[in-house]
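For reference, the structure is listed below as structure tokens.
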Amino acid sequence: MRLTHAPLRFSIGAFFLNSGLSKRTLEGEAAEAMHGMAVGAVPQLRQLDAARFAKLLSRSEIALGAALIAPFAPSFLVGLGLTAFGAGLVQLYLKTPGLREPHSLRPTQAGIPLAKDFWLVGAGLTLVLDSLTHRRLPR
């Protein structure tokens, strides 16, 4: 990990770890609500029951958070993971009714918590592009 990536990776990684750990025991109506929202954006998720979806989401967030924090994990790979996860959340934002102003990308009050996920895509792409364009100086 490059030192310049550390603040970005640690702050986002800690956020993901916390989010994933808080979902470990998600059950019942809370799991069903989260699953229902995800199915609205990605209908294929209907194949999973709500409890299984919640467990997979929790584990995914924990894994991504740990990878972001781990200094030995390549920024290129964690950037790809962050971009993919963020893109899924952006899809949720774009496809869920009531989160955006009519005919606009601007969020409603209810959409503000999900609109921030555009930043995750930007941060992930920054890690990927920096990894691709960074050249070591000759010694």
Side-chain angles (χ1 to χ4, degrees):
M1 172 185 347
R2 294 182 53 209
L3 183 60
T4 56
H5 295 174
L8 182 73
R9 288 180 57 170
F10 287 152
S11 59
I12 296 173
F15 181 86
F16 267 90
L17 270 176
N18 181 60
S19 181
L21 290 171
S22 70
K23 289 181 178 95
R24 282 182 307 169
T25 58
L26 202 60
E27 295 177 340
E29 290 181 17
E32 288 175 22
M34 188 173 295
H35 181 249
M37 203 168 166
V39 166
V42 183
Q44 296 85 345
L45 292 175
R46 183 165 299 161
Q47 297 173 7
L48 297 174
D49 66 57
R52 178 146 172 81
F53 172 78
K55 284 187 189 325
L56 289 172
L57 180 60
S58 170
R59 290 174 183 163
S60 299
E61 288 182 347
I62 291 168
L64 182 55
L68 282 159
I69 289 172
F72 54 83
S75 289
F76 178 79
L77 292 179
V78 297
L80 283 178
L82 183 57
T83 301
F85 199 96
L89 293 171
V90 166
Q91 184 176 1
L92 182 68
Y93 169 72
L94 294 173
K95 290 190 172 188
T96 302
L99 297 183
R100 295 180 296 121
E101 298 288 338
H103 312 292
S104 173
L105 288 177
R106 293 183 57 208
T108 61
Q109 284 297 89
I112 289 173
L114 283 173
K116 61 134 178 65
D117 295 326
F118 280 95
W119 300 345
L120 297 176
V121 174
L125 289 174
T126 296
L127 291 171
V128 169
L129 293 173
D130 188 60
S131 296
L132 290 174
T133 60
H134 179 67
R135 304 248 193 267
R136 294 184 187 257
L137 296 175
R139 293 183 181 190

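For clarity, every value in this text was computed on a predicted model and none was experimentally measured.
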Residue pairs meeting salt bridge (charged side-chain N to carboxylate O under 4.0 Å, His left out), one or both in residues 26-49, sequence neighbours left out, come to none
Residues in salt bridge (charged side-chain N to carboxylate O under 4.0 Å, His left out) contact with Lys55, at least two apart in sequence or another chain
none
Any pair with a residue in residues 98-117 that passes ring-ring contact (aromatic ring centres under 6.0 Å, His included), sequence neighbours left out, goes on the list, sorted by first then second residue, please.
none
Which residue pairs pass the ring-ring contact (aromatic ring centres under 6.0 Å, His included) test with at least one member in residues 43-84, sequence neighbours excluded?
His35-Phe53
Answer yes if Leu94 and Met37 sit in the same cluster of Ile, Leu, Val, Met, Phe, Trp and Tyr residues linked by side chain heavy atoms under 4.5 Å apart, and no otherwise.
yes
Quick one: list whatever passes ring-ring contact (aromatic ring centres under 6.0 Å, His included) with His5, sequence neighbours left out.
none
Does any pair with a residue in residues 79-107 pass salt bridge (charged side-chain N to carboxylate O under 4.0 Å, His left out), and if so which ones, sequence neighbours excluded?
none
Nearest-0.5 Å distance that lies between atom CG in Leu132 and atom CG in Leu127
11.0 Å
Shortest non-hydrogen contact from Ser58 toward Gly20:
OG-O, 2.7 Å
Quick one: list whatever passes salt bridge (charged side-chain N to carboxylate O under 4.0 Å, His left out) with Arg2, sequence neighbours left out.
Asp130
For the side chain of Arg9 and the backbone of Pro71, is there at least one donor-acceptor N/O pair under 3.5 Å apart?
no
Kindly compute the distance separating CG (Leu57) from CZ (Arg52), expressed to the nearest 0.5 Å.
13.0 Å
Would you list the atom pairs, donor with acceptor, under 3.5 Å between side chains in residues 38-45 and any protein atom, with sequence neighbours excluded?
none

Hydrophobic clusters join Ile, Leu, Val, Met, Phe, Trp and Tyr when side-chain heavy atoms are under 4.5 Å apart, directly or via other members; which others share one with Met1?
Phe10, Leu17, Leu21, Ile62, Ile69
Okay, side chain of Thr96, backbone of Tyr93: is any donor-acceptor separation there less than 3.5 Å?
no
Those residues at least two apart in sequence (or on a different chain) that pass side-chain hydrogen bond (donor to acceptor under 3.5 Å, both in side chains) with Ser19 are Lys23, Glu61
Report the distance from atom CG of Leu99 to atom CG of Leu105, rounding to the nearest 0.5 Å.
12.5 Å
Closest heavy-atom pair, Ala123 versus Leu82, reported as atoms and distance to 0.1 Å, is CB-CD2, 4.0 Å
Tell me whether Leu80 shares a hydrophobic cluster with Leu89, the cluster being built from Ile, Leu, Val, Met, Phe, Trp, Tyr side chains joined at under 4.5 Å.
no
Closest approach of Ala110 and Gly98, non-hydrogen atoms and distance?
CB-O, 4.1 Å
Would a hydrophobic clustering, with Ile, Leu, Val, Met, Phe, Trp and Tyr connected at side-chain separations under 4.5 Å, put Leu129 with Val78?
no
Taking Leu77 as the starting point, is it possible to reach Leu125 by hopping between hydrophobic residues whose side chains are less than 4.5 Å apart?
no
Drop me the distance from Ile12's CD1 to Phe85's CZ, to the nearest 0.5 angstrom.
12.5 Å
Pairs in or reaching into residues 68-79: which pass salt bridge (charged side-chain N to carboxylate O under 4.0 Å, His left out), with residues at least two apart or in two chains?
none
Mind listing the side-chain donor-acceptor pairs of residues 113-121 below 3.5 Å, one per line with the distance, residues two or more places apart or on another chain?
unit_1: Lys116; atom_1: NZ; unit_2: Pro113; atom_2: O; d: 3.2

What are the two closest non-hydrogen atoms of Leu26 and Ala30, and how far apart are they?
CD1-CB, 3.5 Å
